[in-house]
Structure formats: C-alpha cells, structure tokens
Amino acid sequence: MSSRTLPLLFINLGGEMLYILDQRLRAQNIPPDKAKKVMNDIITTMFNKKFLEELFKPQELYSKKALRTVFDRLAHASIMRLNQASMDKLYDLMTMAFKYQVLLCPRPRDLLLVSFNHMDAIKDFVKEAPTILSQVDETYQQLIEIYTPLSSGEFQLIRQTLLIFFQDMHIRVSIFLKDKVQNSNGRFVLPTTGPVPHGTQVPSLIRMFSCNGEEVSRLQFTSGGNYSSALRQGSLEMFGDRVIKLGTNMYSVSRPVETHMSGTSKNSAQNTKVNTTPNPLAKEELNMLARLMGGLEVQKPGNTDNGFRVNLFATDEEEEEALMSRPDELSYGVLNIQATKDQQSDAALARIMGEFSGQGDPTPDTISKGDDLLAMMDMM
C-alpha cells in the first residue's frame, strides 16, 4: 500500500464531485449567483491550507466510511443541501467515474495527468476569484513537487492501492452503460483498441537476443487488438496539454445520469455479515480523521433563507424510492465530527468512541484515547 495515494484520491474524487454539482445546479436552474457561491465555497474548503497540510502527509488510505464522511462535509460547505439518497448517488457517481479513469490509465504515471485534468477544470470554475485561484495554484505546485520525481514503480503501487480501494464497487452508471464501457453487472470493459502507452510499441513482434545482447531472430504474431502508435507525452507542468482525456468533464454535454445497484452488488450486500470484532485501528483512524477534518473551515450560512436543496434525481419521488431501496450495508454511516469542544460534540464523540470499542462500558484505555482526541481537536 502506498502512503502517497490519499491526496490523489481526494483531489480526483473532489473534481468529479464538482463536475456533477455544476451540472445539477445548471439543470435545476439555480440562480447563477447562488450556483457560483456554492462552487466557490466548496473549492475554498477543498483547498484550505491547513486541510491540505494534513492531507499531503504520508499516510494510509482511510476506510470508505471515513472518506465518505469527509466528502459529506465538503458537499455541505455552502448554502446547498443534499438529502441522504442524493448524497449516496453523488458519491456513487464520483467513485465509479474515478475507478473507470484508474482502470483505463495507459500508464500508472498517467494518474498524474488525470489529476491535472481535474485541477485544470477546477481552476476554470474559479477563474474569476483570484484568492481561490491562488489556493488551487499552491496545490498544483505541491502535486508537481511531490509526485513528478516518483518512479514508475511508486506510481504502480499508487495505482494498485487505488484499485484495492475500488475493487468492491460495481455501481452501474447510465452514461457508462450507454457508451458500452460498462457491463450490466457493473464491471468495466477494458478496450483492446486505440493508442498504446507512451514509450511502448504496438504489440506484434517478438525479438530474440543472444547472451551477448545481439538480436538473432524475429517472430511476427497477431495481437488480437486494433492498436495504434502511442500519443505524445502529456504535459506535467502547471500549464500544458495533458493529451489524455481521462479526468475531463463528461457532464459538459447535458444528458441524464442514473445509477443502479448491479445484481452482484445486491447479492454481496445481502450476504455480507457485519463484523462485530473490535478493530484495533478504528480509534486511530478516528483520531486521524478528526485531525484531517479539523482543517476544514466550513462556514455556516448566516441567512438560512438563502439555502436550497439540490436533487440528483429527476423527481423527489425517485429520490425517496432510491433511499428506501438502497441496502443498509451500502449506505455509508457518516460520522459528524465537529472540530470544536462543546457539550454536543463531547456527547457525540463519546458515543462514537463507544461504538468503535465494541463494548457497552468504556475502558480506561478508551477514555484516555477519547480525551486525547478532544484535546487535539480543541487545539485546532
């Protein structure tokens, strides 16, 4: 597992979230000033300096529930609100889109180009807000400094870590199904056509060498795919042509997007047994998540009349039906962690710590860890 995966996962999922929200805000005819405020607030929170300092520290990936908690809070960083079913659909679309991009990356290093495509689009969203744009540019510079020196082997490890994270997610997405890049069971179709990765040759030739390194014979074979020569190398600078299209906005052309649980996902959810064994790493993950979210400075809207709800479904009835039909095992229990110490947060954290311990009464060790967590959050 790579300790450099979390920033790329967060930035790419965040980029997909912004694509979807931008499309829904336009589809629901939200006034432009409110829509712009939502996008600016979310991007400001996403690229908060303290938050990114924690994010870029070498660390293991968080669990799916923990990461979902971060994005739930991020999605509600402005005056927009999402119901549970819409948040579930938003997260499904985000994760399946990035999973598709990871699978189709020509080379592991091209994950950085995918990330830059997302970053380019985010910059375009805030091109009229210089302060926010400077935050995004700082993150760009961090990505270049940290990731461009990495070897191909390190990028391969990052790709493997991402694929392990996504391996049990098989949500069907209407856009992918219509484009025939996803099967009815939710699994993606890998192409056997198109350009080969940069630095490689079209498969069709086997060359044999002697022990002295001299070529002694050649053998032609049929590759079984319709491949073409590699495209030029995409730019890894702050400005430049990325060449590959993975990571660009697939919602720029207006078309409805639906998600459906695949048959295999439903069956696996029904057959899944809840593991009640206490996880020794759970409390540590809670501490790390609290520290990470402590950097998220979410401002609550002063005037609640300005708030509005966004629906990712065609109608409210569809949204309610989706919430009722979704298996409990596939709905993410979001932990609402506040980075301030008051009676309400104390009670919530005590309850969460009790759930992680797997015991009714807190042990001295649990109390100690809970106190450490609260003390740490007070210092934020």
Side-chain angles (χ1 to χ4, degrees), residues 1-2 4-16 19 61 93-122 140 143-167 169-170 173 175-183 186-207 220-252:
M1 300 286 281
S2 172
R4 289 293 186 186
T5 307
L6 185 59
L8 295 184
L9 179 62
F10 175 79
I11 287 170
N12 286 284
L13 287 180
E16 289 299 323
Y19 291 161
L61 278 187
L93 288 170
M94 290 160 49
T95 52
M96 292 305 291
F98 187 43
K99 177 181 180 178
Y100 174 72
Q101 293 157 14
V102 173
L103 282 170
L104 264 69
C105 255
R107 303 173 303 167
R109 182 175 291 277
D110 290 335
L111 284 170
L112 201 50
L113 293 174
V114 175
S115 304
F116 284 179
N117 274 335
H118 283 116
M119 292 289 290
D120 290 341
I122 292 171
Y140 240 126
L143 286 171
I144 293 171
E145 290 174 1
I146 293 173
Y147 288 95
T148 53
L150 297 184
S151 67
S152 297
E154 288 171 307
F155 273 108
Q156 174 64 12
L157 189 56
I158 289 173
R159 184 175 183 271
Q160 287 178 341
T161 305
L162 287 170
L163 291 176
I164 291 170
F165 181 83
F166 289 128
Q167 67 180 346
M169 298 181 182
H170 305 295
V173 179
I175 285 181
F176 294 141
L177 292 169
K178 289 173 184 175
D179 290 345
K180 299 186 186 224
V181 297
Q182 189 180 32
N183 291 324
R187 298 181 184 275
F188 288 112
V189 179
L190 298 181
T192 56
T193 61
V196 296
H198 181 80
T200 62
Q201 298 176 347
V202 176
S204 64
L205 177 66
I206 299 174
R207 293 184 295 176
Q220 297 282 346
F221 70 95
T222 303
S223 65
N226 186 19
Y227 298 105
S228 58
S229 300
L231 301 175
R232 67 185 185 280
Q233 168 82 333
S235 172
L236 293 176
E237 301 297 327
M238 190 176 293
F239 302 97
D241 184 4
R242 314 303 175 195
V243 179
I244 68 172
K245 299 303 179 185
L246 295 173
T248 56
N249 191 351
M250 67 178 179
Y251 308 99
S252 55

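No hydrogens, no waters, no symmetry mates; every other heavy atom, side chains included, goes into these values. All values derive from a computational prediction rather than experimental measurement.
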task = Output, in order, the C-alpha distance, side-chain angles, deciding distance and verdict of side-chain contact (heavy atoms from CB on, under 4.5 Å) for Met96 and Met169.
result = CA-CA 7 Å; Met96 292 305 291; Met169 298 181 182; 4.1 Å; yes
Distance-minimising heavy-atom pair for [X] and [Y]:
X      : Y      : answer
Ala97  : Glu16  : CB-OE1, 3.4 Å
Ile144 : Met238 : CD1-N, 3.8 Å
Pro149 : Ile146 : CD-O, 3.5 Å
Pro195 : Ala230 : CB-CA, 4.4 Å
Arg232 : His198 : C-ND1, 3.9 Å
Arg242 : Leu113 : O-CD1, 3.8 Å

message = Rounded at 0.5 Å granularity, tell me how far CZ in Phe239 sits from CZ in Phe116.
response =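 Going from the CZ atom of Phe239 to the CZ atom of Phe116 covers 11.5 Å.
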task = Give the ring-plane orientation class for His118 versus Phe98, where under 30° counts as parallel, over 60° as perpendicular and anything between as tilted.
result =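 Perpendicular.
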Check: [X] side chain, [Y] main-chain N or O, donor-acceptor pair, under 3.5 Å:
X      : Y      : result
Tyr100 : Gln182 : no
Asp110 : Arg107 : yes
Ser223 : Gly225 : yes
Arg109 : Leu150 : yes

request  = I would like to know whether Val102 and Arg159 meet side-chain contact (heavy atoms from CB on, under 4.5 Å); could you show each step before the answer?
outcome  = CA-CA 7 Å; Val102 173; Arg159 184 175 183 271; 4.0 Å; yes
I want to check something: taking the side chain as every heavy atom from C-beta on, are [X] and [Y] in contact at a cut-off of under 4.5 Å?
X      : Y      : result
Ile164 : Met1   : yes
Lys245 : Gln101 : no
Phe155 : Gln160 : no
Tyr227 : Thr193 : no
Phe166 : Leu103 : no
Ser151 : Glu154 : yes
Ile158 : Leu111 : yes
Val114 : Cys105 : yes

query = Knowing that exactly one of Leu8, Leu61, Leu6 qualifies, which makes a side chain to side chain contact (heavy atoms under 4.5 Å, CB included) with Thr161?
reply =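 Only one option passes, and that is Leu61.
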task = Could you go through the side-chain contact (heavy atoms from CB on, under 4.5 Å) check for Leu143 and Ile11 one step at a time?
result = CA-CA 10 Å; Leu143 286 171; Ile11 287 170; 3.9 Å; yes
ask   = Is there a donor-acceptor contact under 3.5 Å linking the side chains of Thr248 and Asn117?
value =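 No pair is found: no donor N or O on one side chain lies under 3.5 Å from an acceptor on the other.
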request  = Please assess Tyr19 against Tyr251 for the test ring-ring contact (aromatic ring centres under 6.0 Å, His included), listing each intermediate value before the final yes or no.
outcome  = CA-CA 7 Å; Tyr19 291 161; Tyr251 308 99; 7.0 Å; no
message = Walk me through whether Lys99 and His170 qualify under side-chain contact (heavy atoms from CB on, under 4.5 Å).
response = CA-CA 10 Å; Lys99 177 181 180 178; His170 305 295; 3.6 Å; yes
inquiry  = Does atom CD (Gln233) have a neighbourhood of more than 12 heavy atoms from anything else shown, all under 6.0 Å?
reply    =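 Yes, the 6.0 Å shell around CD holds more than 12 heavy atoms from other groups.
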